[in-house]
Protein chains: 2
Amino acid sequence: MHDVGRIAGVSQVTVSRALSDPSKVSPETLTKVMGAVEATGFVPNAIAGALASRKSRLVSALVPSITNVVYSSMVRAFSERLRAHGYQILLSETGFAPEAEEATVVAHLSRRPDAIMLTGIQHTPQARRLLLAAGIPVVELWDVSDSPIDLCVGFHHVDAARAAAEFARDRGYRVAATVTAADERACRRRTGFAERFTRDTGNPVPDFDTGGAASIAAGRQGLAGLIDRHGIGGGLIYCSSDIIAHGVMIEAQSRGLRIPDELAVIGFGDQEFARHLEPALTTVRIDLAQLGQSAADAVLSRLDGQTPPSPVIDLGFEIVARASA
Amino acid sequence: MHDVGRIAGVSQVTVSRALSDPSKVSPETLTKVMGAVEATGFVPNAIAGALASRKSRLVSALVPSITNVVYSSMVRAFSERLRAHGYQILLSETGFAPEAEEATVVAHLSRRPDAIMLTGIQHTPQARRLLLAAGIPVVELWDVSDSPIDLCVGFHHVDAARAAAEFARDRGYRVAATVTAADERACRRRTGFAERFTRDTGNPVPDFDTGGAASIAAGRQGLAGLIDRHGIGGGLIYCSSDIIAHGVMIEAQSRGLRIPDELAVIGFGDQEFARHLEPALTTVRIDLAQLGQSAADAVLSRLDGQTPPSPVIDLGFEIVARASA
DNA sequence: TTGTATGCGTTATCAT
DNA sequence: ATGATAACGCATACAA
């Protein structure tokens, strides 16, 4: 800035002002400064700016996995809205373990983000402490909590699972099983489904835990395991995600099981492919874009010094009844 | 650090040393400092550290879309390797237009990353200039170039498309069309396929441009458009991605066209679902994890002051012959 | 509207 | 092994 100023015939501060708030300098000096900026290819050092202003214009986002469209869609919506307000997103994967998340939280907080978004409400006590001590807006996404760290935008997983169980019951299914990926929220949904279904039908709901991330292969193994171990030959399979459900459907079809007559399937997430499967997948829709936007809005209002009406926003879910169940 | 030092009974500099290089302080003071750090919940300010050391330990990554598994898989591999070496990733979406990318490049360079990864080799002249002037390792991913900005890791898109055309020819297909998403590289592949196929068979290759991002819906529209506008009733469809191919297959099946007998399909990318489709999708495999890792390794070696053997690394591709063509 | 002086919280360079 | 001091490049308060 010093050099740019010398070329433009002004001081370093004037360059700073011209760049950060053009209305604070006269039109002539603005032109001169911009000319010098062009000529030198000067790109301001945001690190120095952040240190001086104590504002990084950086917002952290922590998600379990970036290759999972569910999370990346939320992040996209979250990022776009924040970018429109001049913030950049520092994104990291945390995996599905709170301990791994904690290390990432520390790494992010050291960059002094102006706000931070986390996925879910399960964090280590130390992570909660650090987050609280950071004194910045914190938004927990993809779940609702009774004791949010700060802000919380999501939906009630157990309610969603119960609604699916009731849907299954109302459709007349009396036998059900679940295929669940290794994810705390997926497990909570699985339990919510099983309890409600058992309460309403009297029948136990066996589970297959894929032990890993959601994939078609995991879904196929899930149905195969259910058939081999529990002798499941029909009824309904409640899956922790659409991907798993896709795998279950493929496995069923390869075994000659007709869907939904011999085996019904319910997914979770309503990804694009769900409606295009044959038969189309019955699933639970979550408005990912809305989730991301609301989280961004909540953060922005806090950054603006406002107190949002409610710290926790429940955006709900919707059962999408299609042909697979 | 000053406060931490006071509690530990040492100076601020000693705290800095204890935290950044424990071997530079005595075991006793290390214990005292760490104790004080624990007690206060101190998280070092990486912004100040970056300003003072002129090293941000931040690496930028720019991809067209984060919801596209192709890109997010590469970013995951790239990030993991770099994180293992103490770097964090500042990730942004650029969309598919070089002009939008340029703005993102400026925003990223202002954060003074230690290196930067870009997707593809098409950038505005101004972006190239800024990147060059930044004086940091730059790696262009997902393509190969004769004139890389610095490093380049990818594969030859036209070659991959030609290989697909030759595969189609060898399988005896004489009629072909393409469905292409709005992406410069996809268009280049489309042209490569068409030219080679026409050269070998004498037949023109009509195209349907989806005009937007790849999706199942776009693939369905693509086949529908091809049938309506060009009277395509059979032959082979070369798609710009597996997702598009999936859509084409669904549309074909909904119209009662048998695959591959009445309509053959070739995808691109070999995503997980490709092998599970019915019939399994013939496609072109790109080793995304390897791409990301190699890019990270190239960057790391440059960061280490070494000169990599070759600035451009061609990782190639592989035709995966399955049942759909 | 513009300039001067000061500080942001570290690391690097010396010195002890 | 430890401490004092000076950058790092900008924004803020204040003065002109």
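First the proteins, then the strands, lettered A, B, ... as listed; each starts at 1.
The pair Asp297(A)-Arg81(A) meets the salt-bridge criterion, with a side-chain N (NZ, NE, NH1 or NH2) lying under 4.0 Å from an Asp/Glu carboxylate O. Contact check on Arg188(B) versus Glu184(B) returns a salt bridge, with a Lys/Arg side-chain nitrogen under 4.0 Å from an Asp/Glu carboxylate oxygen.
Not one side-chain nitrogen or oxygen of Ser26(B) sits closer than 4.0 Å to the OP1 or OP2 atom of dA1(D). Contact check, Ser11(A) against dG3(C): a side-chain N or O comes under 4.0 Å of OP1 or OP2. OP1 or OP2 of dG9(D) has at least one side-chain nitrogen or oxygen of Arg54(B) nearer than 4.0 Å. Checking the phosphate oxygens (OP1, OP2) of dT2(C), a side-chain nitrogen or oxygen of Thr29(A) falls inside 4.0 Å. One finds no side-chain N or O of Thr14(B) lying less than 4.0 angstrom from the OP1 or OP2 phosphate oxygen of dA1(D).
For Ala48(B), whose side chain is taken as the heavy atoms from C-beta onward, the closest listed nucleotide among dT10(C), dT11(C), dT12(D) is dT10(C). The nucleotide whose nearest atom lies closest to any side-chain atom of Leu51(A) is, among dT11(C), dA11(D), dG9(C), dG9(C). When each of dA11(D), dA12(C), dT2(C) is scored by its nearest atom to the side-chain atoms of Ser53(B), the top-ranked nucleotide is dA12(C).
Judged by distance alone with a 3.5 Å cut-off, a donor-acceptor contact links the side chain of Arg17(B) to the base of dG3(D).
The interatomic distance linking Asp21(A) (CG) with dA13(D) (P) rounds to 14 Å, in whole Å. Nucleotide dA12(C) holds its P atom 14 Å from the CG atom of Leu19(B), rounded to whole Å. A straight line from NE2 of His2(B) to C1' of dA4(D) spans 12 Å, rounded to a whole angstrom. The CE-C1' distance, from Met1(A) to dC8(D), rounds to 14 Å in whole Å. Remark: C1' of dG3(C) and NZ of Lys32(A) are 14 Å apart, rounded to the nearest angstrom. Remark: C1' of dC10(D) and CZ of Arg112(B) are 11 Å apart, rounded to the nearest angstrom. Whole-Å rounding puts the Arg57(A) CZ to dC8(C) P distance at 21 Å. The CG-C1' distance, from Leu30(A) to dT1(C), rounds to 13 Å in whole Å.
The shortest side-chain heavy-atom distance between Ser73(A) and Thr67(B) falls under the 4.5 Å cut-off. Using a 4.5 Å heavy-atom cutoff, the side chains of Phe155(B) and Val144(B) are not in contact.
Sequence order on DNA chain D of the closest nucleotides to Gln12(B) and Ser16(A) puts Gln12(B) first from the 5' end.
Side chain of Asp150(B) to main chain of Val139(B): no donor-acceptor pair is present (N/O by atom type, distance under 3.5 Å, no hydrogens or angles).
Val13(B) comes within 4.0 angstrom of a nucleotide base, judged by non-hydrogen atoms across all strands.
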